[in-house]
Each structure stands twice: as structure tokens, then as C-alpha cells.
Amino acid sequence: RHVHTLRLLSLPTERCFRAFCLVSRSDITQKGYEKKRSKLLGAYLPHPPVTADQASPRRPPMAPSASRYHRRRSSGTRDERYRSDVHTEAVQAALAKHKERKMAVPMPSKRRSLVVQTSMDAYTPPDTSSGSEEEGGQGEGTPTSSQGSVSMEHWISRAIHQGSTTSSSSSSTQSGGSGAAGRLADVLAQTHVENHSAPPDVTTYTSEHPVQVERPQVSTVPRTTPKYGNAELMETGDGVPVSSRVSAKIQQLVNTLKQPRRPPLREFFVDDFEELLEVQQPDPNQPRPEGAQMVTIRGEPLGVVTNWPPSLEAALQRWGTISPKAPCLTTMDTNGKPLYVLTYGKLWSRSIKVAYNILHKLGTKQEPMVRPGDRVALVFPNNDPAAFMVTFYGCLLAEVVPVPIEVPLTRKDAGSQQIGFLLGSCGVTVALTSDACHKGLPKGPTGEIPQFKGWPKLLWFVTESKHLSKPPRDWFPHIKDANNDTAYIEYKTCKDGSVLGVTVTRIALLTHCQALTQSCGYTEAEIIVNVLDFKKDVGLWHGILTSVMNMMHVISIPYSLMKVNPLSWIQKVCQYKAKVACVKSRDMHWALVAHRDQRDINLSSLRMLVVADGSNPWSISSCDAFLNVFQSKGLRPEVICPCASSTEALTVAIRRPTDDSNQPPGRGVLSMQGLSHGVIRVDSEERLSVLTVQDVGTVMPGALMCVVKAEGVPQLCRTDEIGELCVCSIATGMSYYGLSGMTKNTFEVFPMSSSGAPISEYPFTRTGLLGFIGPGGLVFVSGKMDGLMVVSGRRHNADDIVATALAVEPMKFVYRGRIAVFSVTVLHDERIVVVAEQRPDSTEEDSFQWMSRVLQAIDSIHNVGVFCLALVPANTLPKTPLGGIHLSETKQLFLEGSLHPCNVLMCPHTCVTNLPKPRQKQPEIGPASVMVGNLVSGKRIAQASGRDLGQIEDNDQARKFLFLSEGAVLSSLTCLQLHKRAEKIATMLMERGHLQDGDHVALVYPPGIDLIAAFYGCLYAGCVPITVRPPHPQNIATTLPTVKMIVEVSRSACVMTSQVISKLLKSKEASAAVDVRTWPPVLDTDDLPKKKPPQLYKPSNPDTLAYLDFSVSTTGMLAGVKMSHTATSAFCRSIKLQCELYPSREVAICLDPYCGLGFVLWCLCSVYSGHQSILIPPSELEVNPALWLLAVSQFRVRDTFCSYSVMELCAKGLGLQTESLKSRGLDLSRVRTCVVVAEERPRIALTQSFSKLFKDLGLHPRAVSTSFGCRVNLAICLQGTSGPDPTTVYVDMRALRHDRVRLVERGSPHSLPLMESGKILPGVRIIIANPETKGPLGDSHLGEIWVHCAHNGSGYFTVYGDEALQSDHFNSHLSFGDTQTVWARTGYLGFLRRTELTDASGERHDALYVSIMECAVFPWTNLLVVVVELEGSEQEALDLVPLVTNAVLEEHYLIVGVVVVVDIGVIPINSRGEKQRMHLRDGFLADQLDPIYVAYNM
């Protein structure tokens, strides 16, 4: 795997930007590395002087001329909507200028299988059948390398020698360029990153230790970087040297994140939930609009020409009868040959036929399926305009409303479901289509067309003439004047993917055609070439509607022909001497790419070239380039006419074709910084972050236009402010079909002046375009509302960001320029997501390099961070019908986690600047507060206690232990038998072991009666027993070292065990894991001496040590707690009282008997209370999961204890067997308490599912409860037999962050369910204290749980002598209030809440809630590392990265630093089923987890 060192370069502009550039280095030798480097850099380093005869003449940088466009571009390199040489150059300059500061981005690590799967074989070959509506590239070949490299060298030499801050556009306008800029960083600087042994604080914004940067003189060969990450020993935060790839990467990430971020934010707002999120304050220096309020702009009056028809159908009738032979539409085949000429006569007669058939041949005479005013779907392919046109006019004549839609190719086309919803809401029942299209639709097994997902049930009707009946002679369509009935519905896809239908009335349709005729100067019989989609938008308005009004001849070029021959439209213009052509900037670019094949091109016939996407600011570069090349072929500059249109407002503005070439078109060079604040600031072309826009002409005839603020009430903008264009005209859409609310907001807007008065009595229509009106009434568009992303109060346009990302491409990385940019809302702000398809042959190196550079470029040019950058394999993003990227569908996949990217880079540290301010100090109860009883300034102190311990008599006779294994009773023991056996063990200890009073003995036994006897034997001999889990015979290597460690740390004088284990401890396998020579004496107790000991030991002082309780905590710390004789008997008495344990009782225990409450219940309680214990070792359940429950049922047990892992085994292993268990007579109805013994927050989901599963077997749902203990006190709470059932509350997680406990309703957002951890045991007192100040807290405040009780441990038993560190764990005092009592600190956070329930003694009951859950999250040098186990295929691993990052941000307001995706079962778990976070951390840092994917979030 590669370790990447990145360089941070910086811009010497007035703002401080972050960015980085990347040099990749595989793990190769130093020498090999040097060699590889010098080879790469050779071209760019200043050369040593050469002698004259060797010197090769270097070509000077080429001057930009028309010739630079003669290069053929390599196929499909970039999305040509966005191609701008100037912008490419600006981006490259921005990247080159970043040479002051450096940044190190650790590359994510992938499992090899994952890399292989995303390699070349896994890619589908490029899909040739569907190119893209918004998609680049047709030509073949590559840019001439000499040009590319010369200009790049020129670049670099300038960057190095002059360090110039500007780049005049003459220096290099190569849009391709060579990959040299990628290596630029190498030339410019070498980094030396210092390692600080103290963990750097990522949470602050200021950098206290700046990363040192040394810049060598360029003339010398650059020094080598320190080798990073492999052999380098690194000091971690704990000062421990770690040699590991992972920790090197984390350190790299931390160093990167130490770079100062955006300036810290000062102000906060308080939300209604008292949440304290920062809100971005407007920068006082940000540009503000200063102009006067704008005035409404009026278009020229719509002239009424005497012979204009009263309606479009009337025009069709006129031409169909007067000049039936006049050509109306010529269609082309894929070879560019005319396929069919539709005349006006044919159009008229066939339309009548279609109208008659729609109205009279569908359904029955009495019940026709379609009546006038009904909606029908028109489903026609893009290569059959004639059939579409006939059917469209047939609908107009029948007064039926056509809804043209795309052909559904498969049942699950992207967005097709939404189109189905539109059809459903329009009440469409009939779909009209052509013969060929009908044949091509997917068919079911019986030949019928299946119902597409989300679509209504449709009758498919073919409108080809040969399939239709002839109308009777007396039938004739009724042709009226244009009125307010709906003429047609055009569909529109919104930003969120929903599809709306915009209704256009007959009068709007006619007025629009008139306005276009007037502004474009259309005349009869003109020839127009149309490359656009004829079903909607500009293609429909010019090529189907206005053309018929003026009896024009349309040459329709299908998309499929353009893909084969991009020059076809220009050839048709020449061939037919066309006056007008309707194209998109993409078509102009494709023509540029291919035009060298043609000699005899003459475009002098063109009087108007309508550029349909002129409203995309990036279209200007295609227009300029096209003019540059084709001016020599007769193209006049004034012919190029960009127009702006929208589905709602139809044509918004269009540049008029003038003969006056003196009036140059308008263009503005606008500052991106200004635009992001919604302000127009003209900038010089030299600046990097500028947007050059061209005008889209003037307002349409007969229309009014104004600009209103993009957000909030529609108030008029100032003259230097960007807003949404609004139009008042007859020729606009009328409504969104069936959506009156949305219609009101869009089609019925009344703009207001600053005084608040409406400027007109007529409603305006919002166009969805952002822009302004410049001098001379010229309209400029800077973006679309749909592409608007508002990040921290600044506006960014998705198209601009796509353009910047594509300009970063010296290496042609993005497949066919397919990039999607959208925003997602995370933590109350929009975050930018960039998804790109990478070329099939790109390596991990390429992709990471490209990602780093894109982040850097977007940050420099737009001054905004990218939240997530994802790369997917080629051809995998959902497509629109014309092959572009389906944006909303892509966003949906991203949010669901089904995008399946092959690379992901998240940058939450960079982007999320509105995290809540740090935890608020709670106004806590101070010493000055007046204490009256238990109330402090009106708050009840959070303290509670169990019942008092009385004195209880003891009785010693009954049978005490029954040991179960595999369903059979293996052995049982009465107290007497136990006593006798313990005596023998004591004798053996004294005689064979020669042990003294107080010596420590390690008991290494499997769960069973031997363990109990050995324990009492030690007590009889005056020794201190330590119970140790024996090593697992199948897994000695990992389990034996723990045994050895406990034996050593506890200073055991000898080890007592069974014969089998004593052999195991000294076996050959053991010697591989530990040093077997250093074991203390090992005694096996299988054959005991026959005699009694001389006398039994009686402790002289009840406070002497009874036993040591050793356990590994969830933090991975091995801690031995000292338990005195007093504490042990108080413990037993407390449990006896709480659980009412009497000699007649039977208790089933399925717990590990090595530590905590499990050990006390297993070994001590039954001897103390006299009840019978049925012991079931949890390991037996792995063989027979039903063993525990069968025992409980068979012995009619009322009280049973288990662990979470036992519960999980039963839930998983027996979940499907409840019926068969019932038939075996398993009955749990006698169980009144089933207690889960744990040292953690109750796992509600598990206990609830367990209760549900076994409800059918009689288990009472209220029987299941939990206990809570910890290292300082092994049992604080335990659900007893009497007293109220445990309660569950829901608390607000956001309030918890501020140490407040706010109860909320179940199911409310941010709620966290907490179950009460059993009842507080008798003799236990609890108080909630502030862990920092040690002051008592009030009721329902979150704090540390402190406990005072007779069975607290008396301290840690440690070897290292750092008792001072932990002494306050066992004897702490409150800082005020009751300062006398000695408390033990549990280290757990929780709160006390007085409930309305009463307990057995009639007092109100205090519930304790513990709220720390062990989970697979750990901090490392101030970064949060999240480890997730993945169920499912490895391909889904990368989908988890954004999901996890977003979820943790939203739920916990925490930024995840590293996301590690691992296989199931990798997260280590201890015997109690708790996750071992510290073992996990160590495994991760030592590179032992074999993760599927590790993502380092920036």
C-alpha cells in the first residue's frame, strides 16, 4: 500500500486558502526513489549549461491564435458544457500558486480484494448507445504533445522564476495540457513535517506549533523528504513509540488538520431545544449591494401582423390547404441521408385522422376513453419527429392535452417512476406512440407491455396512419380561436427528482410563437436546422410550433446521427442553405472537434444560430471558440444568438440577429467572491476566481421583466444584485398541473418595491434563472435556482463547481466528463458533494491525486470546502433519457448508501464550522447555597440509598451447589461436603505449598465445584485467593498471556489448578506463548491429603483482605480490586435482603465465576444465605443453547442470573425453536426475576427482544431486568423481588452533551432510551457529583455516580505503586455539603431521578440510570476513530463512510476522524459481551485488523 506525502501550496492573494497537491511514492528503496524522481523532474528543473553543439533549440511558447483550436481533442475527455480555456488556465494557475503551505493527506487503505474488484475488468465498456445530453467529446486523437508540454514548461518556468501572480490568457490556453502540473509540487517544495510528541489538539482553530516548511533553492536538486510511515518510529499521544503504518497516517492527518481553518466563529444562537449550534456570522467586510433599486424592463410591443393566424391549428389548416406540397419537416437517418419529408398537406390530413381516432376509436361509442380536455401521454423516440409532430397536432385538433414524455427503456429507468406519478396525477389512461417505438418497448411473456414502476395502467395506441381508420367525410375538427384552455403539458424534473407538469394554454402557445417570430424575424418558407430535443423546451417551440405558424421547413437532426457524425448539422446548414440553426453549446463544441475533415464548409447562409443553453454561463467559451474557427468559413459574429428559457416562463430572453455588427455583444467578468454574496462586482480577466458571462439578449416582445431576491419575499433587487428573473407575459406557463400551492408561489408572484408596495397588478412568473439586467436592458444569467447551494450563507452554483472540477484535469481523469455536484443537509447547513465517474484505466494513485487537486482547486476558486468527494466506476451513475447524469437519483443513492463508490474522501473537519460550542458549565449548587435538609436552592440533591441492612441469622446445613453441564447434573455439594473438601485443600496449601498467612494464590479452574472448594480452602489456610479464567486449550497463544499477567500482577505465591490445566500450563504450546519457567509453584488438587489442618484460620481484623477481584475493564485496563472480609459479608447480606434468598430457594446462575457479581453469586451467596445454587457455565451454551433455560424450567427456579452474552446466545440460537422447546415442556412462567449482570448501560434492544422471544414460553416481560456494578463496587443496583418494575425513560442526547437530563417522549428525534439499572441494593448510598469540581449535583443532572457502602472495594491492588493515581477512586470527599462521608468514584456517568413509584418500604423510589455504552469508537490523538463491522459485500464498504460520518455528526455533533470498515467478528469482546475498545485501538494501530477499508476524513 502506498503512503502518500502531500504538499500544501498557497496562494499569495489577499485571502488565505487551503489546498494541497500530491506526489505519490510507493514503498521503494531510497535509491530507486531518487532515480524515479530525477527522471520525472528532469523536464522541469533549470538545466545545467550545455555546450553550443549539444544545445537543442527550444521552441518558444506558442502565441494563442485560431490554430490552437485546430487540435483534435481526445474522445470524451471533458463535459463540454463547462469547457473554458480561460477557466482551465485559472484553475491550473491556482494549483500552481499554492506553494507556501503544505498539507499531508493520508491515502485511505483498501483491502487488496477491493482494489482488484474495482480494477479494469470490473468496468462495463463505455456505453456507446446512449451518449449524454450534457456530455462531452466526440473526436478521436489526443492534443499534440509538443504544444501541451511547451506551454506547460512555459508555465512552470514562469511560476518558478517570476512567481508571477497573474496569468495573462496569452501564456497558455491549452485546455488539455500535460500531466506536468501534477508534478509541479515536486519542483516547488519539499516538506519537513515535525512530529510533536504531545497529541496536537485538533479541536482548536489556531495552530500553536506551525508545521515547519523549508523551501530549497530551485537551482539545487531538491533534498529528499524524510521517509514517512514505514520504518519511521512515531511518538503517539501517550509518548509511546509506535511503529505502524496506521499511526503514521493518523499522525499525518492530525498534522494536516492542525493547519489553521477558517477563522473561529464568535456568535451562537440558541435553538428551541436549548441546543447551542454556532451560526455563521456574516463577515462585516463582505460586499453588499450598493446600487439603486432596479426598474422593471419592458420588451418591445408585440406587433400585430394582419395575416397572423388566430390559432396554431388555424395556421396548420391554412398551410395544409393552400400549400400542401410545401415541405414541413425533413427527418434524417443515421447516415445523414434524408429519411422522410413531411409536407404541410400530409401533416394536416394525418393530424385530422389522428384526432378522429383518438376521440372515436378508443373505448365504446357510449363510453369513449378520451374526451376533449383529457390528458394523453405522447411516447416517441428522439429519431422520429414526424410521427411526434402528427400526433401532437392531432391532439391539438381533438382538443386533447398532450403530455410528451421520454420512452421508458427498462422497468427501472432513473426517474421513470416520477414520470409515472406525473401521468397518474394528470389522469392519463392512454399513451400514443409510433409503431417502431411500440415494438421496442419491453414486453411481458404474453407480449403485453408491463406496467412500469409507479405508472398508471395505460392503453398503448399506435398513431401511424396505416393503423388508423379514415374519418367519415362529414367529420371535421372544430377549429377555434386561441383561448385559455390548456394546449399541452411540458414535464419538468425538479432538484429533488420529483416531476411536475407545466400547463401551457392555447393563447400562451400562440402568443409565444408570435413573440419568437417577431424577435427572430422568421419568414415564410425559411429553412431551419434543429439539433435539439423536439419534445420540449427550445426544440419544441422553434422546431414544431413556431415553424408551422410561419410555414417554415425544419431539418431535424437526431441525436443518434450527432453521435456518429458531430458535423452533420453544419453539413445540413450548407446543403440546405439554412437561415437558422437551433443548437446547444455542446453541438458547437463537437463541430469544433471534428471540423478538420471538411474543406468546403460555408456558413454564410446562416442569419441566426440559436444557442439554447445560453443561460448556462459556461456556454460562452463554446460560442467564442466556434466563432474563432468558423469566422473564416463565412460565419458572422452577430449570427450567434444565445437565449435563456425555462419550462415555467418559456423563452425568457433571446439575442436578436442584427445586421449592425458595430454593436458588440455584452459580456461581464464577474468576481466569484461577489457572486457568492449575491453581488455583482466586475473583475479583471487576470483574477483566478472570475465568471465570464455573456448576455442572452433582451426581454421578449410584449413582456415585462424584473429581478427579485432569491430567498424570502419577492422584493425587487438593486441594480448590482443577483436575483431570480421574473417575467410578466401572456406567453408563459399557467400552472403546475394539480398543484395549486406550488403554482401560487411560481406563477402568481407579485414583486414588491422596497416600500412594500406591489409594482404591478399583474402576476409575474418565476423563471428559475438567477441573473441581473445589465446596461442597455441586456439580460445576463449567472446560474439556475436548481443548481444553487447555500453553504454558510454564501451561494454557490453547481455548474461552476463542475467546471472547476473538470478544469483540474491535466490527466483526463474523469470518464467523459461525467460529474455530479449536489448538496446534502448535514447539521443545519448544506454540504457540497461531488461524485465523478473515473476512467476504467485509472489507478488508485490517479484517483487520489485527482481528488486532492479538486479539493484544492474548489477551495481556491470558490472559497468553499467539499464535504464529500466520491468516485464511481465508469458508466455507473444513473442516466437521464439523453444520457446525462440523473442528479436527483444520484443524490438519492448517495443518501441511501447505495452509490457503491470505489473511492471516497470526506472532509468534515474542513467543512463543518458550526459545531456546538463546547460543553456549558452548569450553574451548579455552590457551597454558598443554603442547604435546607436535602434541598439546595430549591433543587433536590441527587442522592439515594437502598434499605438499611439488619442483622440476619445464618444456618449452614442444606445442599448448596448443583453443577450442571450438558444437561446432566455433574456434581452437587452440600455445605458439609464443601467444608470437608476445603479443609483438605487448606492442609495441602500449608504442607505442600508452605504458604504463610496473607499469601496470594491464583485459582486457575474451569467453572465448577472445584473452584468453590479451592476458594474456601484458601480462606481456611489464611491465604488470599484470586480466581483466574483458565487458558483456552484451542487458543493458548492469546489466552495464556492474560493468565500469566494476572498471576504476576497479583504477586501470587502459587497456582492451584486441576491436573489437566497444570499440564497445559507447562506444555510445548504454552512455552511458545509465555516463559513457562517463571510460573510460581503449581499445585493440582485432584488428589488431596486425607487429614484435616491443625486449626482453621480466623481473620483477626475484619478489614483484612478476603480475596482479590481481577478483571479487564472495557478500556482494556487490568485492575485487581481488594475485597475485605467485612465488605464480602456486607455484600452477601445486601444481596440476600434484596433477592430474599432463603434456604428453601433455588437460584440458577449462568455467569462466569471469575470476577464481579458473577463470582459473588457463584461462590459466596449460597454459603451465606443457605439457598441452593444451580451453576451453569456459559461456555456450555455454545454447545447446547437451551441448557440454561431448560435447567430453569426443570428445577422450577424463581430467580436466575445471566450475562448479555448468554442472553444473546439464547436469542440467536433458540429464536426459531420456541415451538419445539414448548413441546419439550420448557416452561418459564415461574421465573419472577431474570437479572442480567453487567458493568454497562442496560442494552434495551437485547433485553426487549429476549422478553418477546420467550413470552410464548411463559416468561413474564417484567421479569427481565439488569444489575449494575463496576470495579469500585461490584454491585450497586440489582432488581430484587419486591419493589417497582424497572422503568425506561427517553432523554434528549443533545441536552446530555451539556450535562443536563431532559426527558422527552418516546420516538422524538435525538432521543436515547435508558432503562433503570435495577434497584439500589440495601446499604448502598449513591450521589451524583460533578467529576471536575467534586460538588454534589441536583436531581436529574448528569454527573459521575459516586457510591458509599459497606461492600465497596478497599482499593486497587497494583504492583506499579501508582496508588496515588487511583486512591481517589475509593476514597473521595465531596468539595462541600456532606464533606465527611467517604465515597468511591465509579467512573460512570449517570443521573438520579425521583420517580412516582413507591418501593416496598412505602417511600418514593429513586431510579439510577447509567449512560455510557461501550461501543466500537475510540479516540486517538484527538481524532475520533469509528470501527464498523460490515454485513454484506465488500463493495458496500465505502458506502458506509458518508453514512457513518453524517450520522455521528447529526446525532452526536462529533466529527469522525477515521472510519474503519472491518469484517464481522473483528471487534474484540470480553466475557461479559462488552466491546474491548482499547484492544481494538491497539489492534488498529498495530495494523492487525485487516480492515476492508480505512477512510481518513479531512
Point to revise | Closest non-hydrogen atom pair between I654 and M608, with its separation | key: CD1-CE, 3.7 Å
Exercise for review: Might you confirm whether atom CD1 of I730 has over 12 heavy atoms from other residues, nucleotides or ligands at distances under 6.0 Å?
Suggested key: no
Study note, to complete from the structure: Sorted by chain and number, sequence neighbours left out, side chain to side chain contact (heavy atoms under 4.5 Å, CB included) with S740 holds for none
Review point. Is K535 paired with E406 through a side-chain N to carboxylate O contact shorter than 4.0 Å?
Key: yes
**Study point:** Steps toward side chain to side chain contact (heavy atoms under 4.5 Å, CB included) verdict (L855, L869)
**Key:** CA-CA 8 Å; L855 291 180; L869 186 50; 4.1 Å; yes
Exercise for review: Kindly give the heavy-atom pair with the smallest separation between V531 and V583, and that separation in Å.
Suggested key: CG2-CG1, 3.7 Å
**Study point:** Set of salt bridge (Lys or Arg N to Asp or Glu O under 4.0 Å) partners for D537, sequence neighbours left out
**Key:** none
Review point. Got more than 12 heavy atoms from elsewhere within 6.0 Å of CE, M734?
Key: no
Review point. Which pair of heavy atoms, one from V679 and one from P287, lies closest together, and at what distance?
Key: CG2-O, 3.5 Å
Point to revise | Main-chain N/O of H886 paired to T890 side chain as donor or acceptor, under 3.5 Å | key: yes
Review point. F764 and L704: side chain to side chain contact (heavy atoms under 4.5 Å, CB included), yes or no, with the steps?
Key: CA-CA 8 Å; F764 279 69; L704 286 173; 4.1 Å; yes
Exercise for review: Carefully, step by step, assess N863 and S676 under the rule side chain to side chain donor-acceptor pair (under 3.5 Å).
Suggested key: CA-CA 9 Å; N863 200 8; S676 74; over 6 Å; no
**Study point:** Heavy-atom donor-acceptor pair, R718 side chain to A292 backbone, under 3.5 Å
**Key:** no
Review point. If you take all heavy atoms of Y736 and T746, which pair is closest and at what distance?
Key: CE1-OG1, 3.5 Å
Review point. Between I620 and P617, what is the shortest heavy-atom contact and its length?
Key: CG2-O, 3.4 Å
Review point. Hey, do the aromatic rings of F750 and Y762 have their centres closer than 6.0 Å?
Key: no
Review point. Residues in side chain to side chain contact (heavy atoms under 4.5 Å, CB included) with T804, at least two apart?
Key: H87, V91, A857, I858, I861, H862
Point to revise | Distance in Å, Q694 CD paired with L778 CG, rounded so as to fall on 0.5 Å steps | key: 11.5 Å
Practice item. Kindly determine whether D799 and N797 satisfy side chain to side chain donor-acceptor pair (under 3.5 Å), including the steps that lead there. Key: CA-CA 5 Å; D799 281 345; N797 206 302; over 6 Å; no
**Study point:** Donor-acceptor contact present, side-chain D695 to main-chain F780, <3.5 Å
**Key:** no
Exercise for review: Check for a donor-acceptor pair, side chain of S671 on one end and backbone N or O of G674 on the other, with a separation under 3.5 Å.
Suggested key: yes
Point to revise | Short side-chain to backbone donor-acceptor contact, Q293 and S754, under 3.5 Å | key: yes
Check your understanding: If you measure only the distance, is there a donor-acceptor pair under 3.5 Å linking the side chains of T503 and S735?
Key -> yes
Revision key, fill the gap. Distance col, row I419:CD1 vs Y491:OH, nearest 0.5 angstrom, shows 5.0 Å
Review point. Taking the six-membered ring for Trp, are Y488 and F392 ring centroids under 6.0 Å apart?
Key: yes
Exercise for review: Keeping the roles fixed (side chain from D720, backbone from P289), state whether a donor-acceptor pair exists under 3.5 Å.
Suggested key: no
Point to revise | Any residue meeting side chain to side chain contact (heavy atoms under 4.5 Å, CB included) with E1450, in chain and number order, not counting sequence neighbours | key: V826
Exercise for review: In sequence, state the C-alpha distance, the side-chain angles, and the governing distance for F822 and S888, and then conclude on side chain to side chain contact (heavy atoms under 4.5 Å, CB included).
Suggested key: CA-CA 8 Å; F822 51 88; S888 52; over 6 Å; no
Check your understanding: Could E490 and K536 be called an ion pair, given the rule that one side-chain N must be under 4.0 Å from one carboxylate O?
Key -> no
Practice item. In plain terms, say whether E648 and K492 are close enough for a salt bridge, that is, a side-chain N and a carboxylate O under 4.0 Å apart. Key: yes
**Study point:** Under the side chain to side chain contact (heavy atoms under 4.5 Å, CB included) test, residues paired with C717 that sit two or more places apart
**Key:** V707, K709, E721
Check your understanding: Quick check: does any side chain N or O of D829 sit under 3.5 Å from a backbone N or O of S792, one acting as donor and the other as acceptor?
Key -> yes
**Study point:** Main-chain N/O of T517 paired with T546 side-chain donor or acceptor, under 3.5 Å
**Key:** no
**Study point:** Carboxylate-amine/guanidinium contact R667 D624, below 4.0 Å
**Key:** yes
Review point. Is the backbone N or O of S619 less than 3.5 Å from a side-chain atom of D613, with the two atoms forming a donor-acceptor pair by type?
Key: no
Review point. Salt bridge check: are E300 and R656 linked by an N-O gap of less than 4.0 Å?
Key: yes
Check your understanding: Would a distance-only check, ignoring hydrogens and angles, find a side-chain to backbone donor-acceptor pair under 3.5 Å from R766 to N745?
Key -> yes
Exercise for review: Could you walk me through whether V791 and I832 pass the side chain to side chain contact (heavy atoms under 4.5 Å, CB included) test, one step at a time?
Suggested key: CA-CA 8 Å; V791 182; I832 295 177; 3.9 Å; yes
Exercise for review: Provide the closest heavy-atom pair for H796 versus I801 in the form atom of the first, atom of the second, distance.
Suggested key: CB-CD1, 4.2 Å
Which pairs of donor and acceptor atoms, one on a side chain in residues 507-514, lie under 3.5 Å apart (sequence neighbours left out)?
from, atom 1, to, atom 2, distance (Å)
T511, OG1, I507, O, 2.6
H512, NE2, T651, N, 3.3
H512, NE2, T651, OG1, 2.8

Check your understanding: Does the distance from a Lys or Arg side-chain N to an Asp or Glu carboxylate O, for K891 and D496, drop under 4.0 Å?
Key -> no
